Amino acid sequence: INDLALMLKNCPWTFSHYPLVPVIFSSRRYVAGGQCKSAAKLDGKVVIITGANTGIGKETARDLARRGARVIVACRDVAKGEAAASEIRAETGNQQVIVKKLDLANTKSIREFAENFLAEEKELHILINNAGVMLYPYSKTADGFEMHLGVNHLGHFLLTFLLLERLRQSAPARIVNVSSLAHHGGRIRFHDLHGDKSYNRGLAYCHSKLANVLFTRELARRLQGTKVTANSLHPGSVRSELVRHSSVMTWLWKVFSFFLKTPSEGAQTSVYCAVAEELDSVTGQYFSDCQPAYVSPRGRDDETAKKLWHVSCELLGIQWD
């Protein structure tokens with residue numbers, strides 16, 4: 001924004017001739033959304049961020065590393081993860097930014113990641129379930145789950161289950177689930193969870209984001225009194241690689257980039273949910289632009305949340321009571 005301001009200031013046709021320029025800057029500030037104003041330090045704290053090799057995950061990792069946390073960058077592409085971690089270490093001076101392989105489309109990889117983490121790390125204070133896929137062509141995970149449901153919901157459901165005892169032991173601790181405004185368009189189609197009967201990749205994404213909200217709601221209920229909180233959030237419309245599976249959306253993202261958040265701006269609510277002091281005892285809530293946001297009626301359906309919990313356990317072959 002500063003560079004744009006300098007350019008416009010030096011152009012003869014701007015401020016003195018066109019009163020629209022201040023409106024442009026005002027619009028850009030509106031698009032940027034809320035900012036996390038907490039100055040909380042995280043020295044001695046251990047954080048896991050899934051999908052932290054790019055986009056808002058990477059910017060979340062950068063922010064938390066700057067605050068002194070030991071950050072575990074959990075991602076499928078280790079080479080890209082190492083590049084991101086190296087950049088963050090150089091910029092923040094925090095050498096405790098560690099890359100670990102995690103493929104959320106494969107429960108074997110999730111279990112291996114959790115097993116290695118628990119063997120190497122004695123504490124876990126913040127788990128940010130950030131990674132996701134969007135508009136993915138119809139396909140299945142290694143375990144036969146529809147890709148959006150498998151990665152965005154079931155993968156993080158299993159990861160949280162495997163790490164929960166370490167979070168409890170390290171309490172106070174926080175679980176942050178990155179959902180989306182798209183959850184308003186979702187439904188939990190128990191009769192066709194994996195899209196075998198009908199499939200629309202846009203709706204599949206919406207369904208998985210609703211699952212994130214419902215998972216958070218039921219998880220928070222079950223964790224009452226443990227000093228482990230769980231909240232979900234909408235990061236905003238962000239210029240990121242998330243739309244890479246759709247050529248149309250990729251084109252639209254480029255054309256309307258001015259009206260999209262940068263990854264740093266998109267990471268603000270994730271950071272807020274992870275560090276804000278006023279959220280110490282807040283759980284089961286949904287945030288956008290660093291403030292509570294409206295949840296769709298389907299996202300507030302406790303019976304659906306409980307049923308999704310039990311179905312998820314059955315699909316993953318786990319007992320989580």
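From a predicted model like this one, the values you see are computed outputs, not experimental measurements. One is the number of the first residue; the rest follow in order along the sequence.
A 4.5 Å side-chain heavy-atom check between H183 and L214 finds every atom pair outside the cut-off. Within the 4.5 Å cutoff, the side chain of L163 has no heavy atoms near those of the R168 side chain. Inter-residue side-chain proximity for V73 and I98 is flagged as unmet; no heavy-atom pair is nearer than 4.5 Å. L159 has its side chain within reach of L102: a pair of non-hydrogen atoms, C-beta onward, lies under 4.5 Å apart. In this structure, the side chains of F161 and L164 stay at 4.5 Å or more apart for every pair of heavy atoms. The side-chain heavy atoms of T229 and L223, taken from C-beta on, include no pair separated by under 4.5 Å. A heavy-atom distance below 4.5 Å is found between the side chains of M147 and T141. L154 is listed as a side-chain neighbour of L149, based on a closest heavy-atom distance under 4.5 Å.
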Inset, instruction - Go through the steps for D196 and K140 under the test salt bridge (Lys or Arg N to Asp or Glu O under 4.0 Å), then give the verdict. - result: CA-CA 10 Å; D196 295 316; K140 298 287 186 72; 3.1 Å; yes
Inset, instruction - Report the C-alpha distance between Q96 and R89 in whole Å, list the side-chain angles of each, state the deciding distance to 0.1 Å, and finish with yes or no for side chain to side chain contact (heavy atoms under 4.5 Å, CB included). - result: CA-CA 8 Å; Q96 297 299 302; R89 288 193 293 263; over 6 Å; no
Legend entry - From CA spacing to verdict: side chain to side chain contact (heavy atoms under 4.5 Å, CB included), I188, K307: CA-CA 10 Å; I188 305 301; K307 184 175 180 180; over 6 Å; no
Inset, instruction - Go through Y294 and L181 one step at a time and tell me if the side chain to side chain contact (heavy atoms under 4.5 Å, CB included) criterion holds. - result: CA-CA 9 Å; Y294 179 74; L181 182 68; over 6 Å; no
Legend entry - Test log, rule side chain to side chain contact (heavy atoms under 4.5 Å, CB included), inputs I88 and E91: CA-CA 5 Å; I88 294 170; E91 180 182 321; 5.9 Å; no
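A donor atom on one side chain and an acceptor atom on the other are not found under 3.5 Å apart for N231 and T283. With hydrogens and angles left out, the side-chain atoms of R300 and Y286 include no donor and acceptor closer than 3.5 Å. Donor-acceptor pairing under 3.5 Å is recorded for the side chains of N152 and S208. Of the N and O atoms on the side chains of H148 and Y138, not one donor lies less than 3.5 Å from an acceptor on the other residue. In the model, N53 has no side-chain atom that pairs as donor or acceptor with a side-chain atom of D77 under 3.5 Å. Side-chain atoms of H156 and T50 include a donor-acceptor pair closer than 3.5 Å.
Electrostatic pairing of K101 and E112 does not count as a salt bridge here, judged by no charged N lying under 4.0 Å from a carboxylate O. The existence of a salt bridge linking E218 and R222 is confirmed by a sub-4.0 Å separation between a basic side-chain nitrogen and an acidic carboxylate oxygen.
In summary, of the residues considered (K45, R70, R166), a salt bridge (Lys or Arg N to Asp or Glu O under 4.0 Å) with E121 occurs for R70 alone. Checking T216, N129, N177 one by one against T160, the side chain to side chain donor-acceptor pair (under 3.5 Å) holds for a single residue, N129.
Going from atom SG of C273 over to atom CG of L279 covers 6.0 Å, rounded to the nearest 0.5 Å. If you take CG on L162 and OG1 on T107, they are separated by 9.5 Å, rounding to the nearest 0.5 Å. Atom CZ in R217 sits 10.0 Å away from atom OG in S232 (nearest 0.5 Å). One finds the CD1 atom of I56 at 4.5 Å from the OG atom of S270 (value rounded to the nearest 0.5 Å). E146 contributes atom CD, which lies 7.0 Å from atom OG of S139 (distance to the nearest 0.5 angstrom). Note that CG of L210 is 8.0 Å distant from OG1 of T304, once rounded to the nearest 0.5 Å.
Formation of a donor-acceptor pair under 3.5 Å by the T269 side chain with backbone atoms of P235 is not found in this model. For the pair S170 (side chain) and L124 (backbone), a donor-acceptor distance under 3.5 Å is present. A distance-only check finds a donor-acceptor pair linking the side chain of R201 to the backbone of L135 [under 3.5 Å]. With hydrogens and angles ignored, the 3.5 Å screen pairs no side-chain donor or acceptor of H234 with any backbone N or O of S180. Remark: the backbone N or O of N106 is not paired with any side-chain donor or acceptor of S109 at under 3.5 angstrom. Remark: side-chain polar atoms of W309 are paired, donor with acceptor, to backbone N or O of W320 under 3.5 angstrom. No side-chain donor-acceptor contact under 3.5 Å links D63 to the backbone of E59. A donor-acceptor distance shorter than 3.5 angstrom exists from the side chain of T262 to the backbone of E265, with no hydrogens or angles considered. H207 contributes a side-chain N or O that, together with a main-chain N or O of L203, makes up a donor-acceptor pair within less than 3.5 Å. With hydrogens and angles disregarded, no donor-acceptor distance shorter than 3.5 Å links the side chain of T92 to the backbone of A65.
Counted within 6.0 Å of CD on Q319, heavy atoms from surrounding residues, nucleotides or ligands total 12 or fewer; the atom is thus considered open. Around the CD atom of E115, the shell of radius 6.0 Å holds no more than 12 heavy atoms that belong to other residues, nucleotides or ligands. Crowding of K227 atom NZ: a count of heavy atoms from other residues, nucleotides or ligands under 6.0 Å not exceeding 12.
Nearest heavy atoms, D289 versus G34: OD1-N, 3.2 Å. The two residues S38 and E277 have their closest heavy-atom pair at OG-OE1, 3.0 Å. Heavy-atom minimum distance, D192 versus S198: OD2-N, 3.1 Å. Taking both residues in full, the closest heavy atoms of I48 and A74 are given as CG2-CB, 4.3 Å, listed atom of the first, atom of the second, then distance. Shortest non-hydrogen contact noted between H184 and S296 is ND1-CB, 3.4 Å. Scanning all heavy atoms of the two residues, the minimum distance from L167 to R174 falls at CD2-O, 4.3 Å.
Under the 4.5 Å side-chain heavy-atom criterion for grouping Ile, Leu, Val, Met, Phe, Trp and Tyr, V99 is connected to I128 within one hydrophobic cluster. There is no path of hydrophobic side-chain contacts, each under 4.5 Å, that joins V176 to V213. Note: the hydrophobic cluster containing V151 does not contain Y199 (ILVMFWY, side chain heavy atoms under 4.5 Å, direct or indirect links). Under the 4.5 Å side-chain contact rule for hydrophobic residues, F113 and I175 share a cluster. When the side chains of ILVMFWY residues are joined at heavy-atom separations under 4.5 Å, either directly or via intervening members, L316 and V311 end up in a single hydrophobic cluster.
Relative to the ring axis of F117, K100 does not place its NZ or CZ within 45° and under 6.0 Å from the centre.
Ring planes of F215 and F157: tilted class, angle from 30 to 60°. In this pair, H194 and F145 present their aromatic rings parallel. The plane angle is below 30°, not in the 30 to 60° band.
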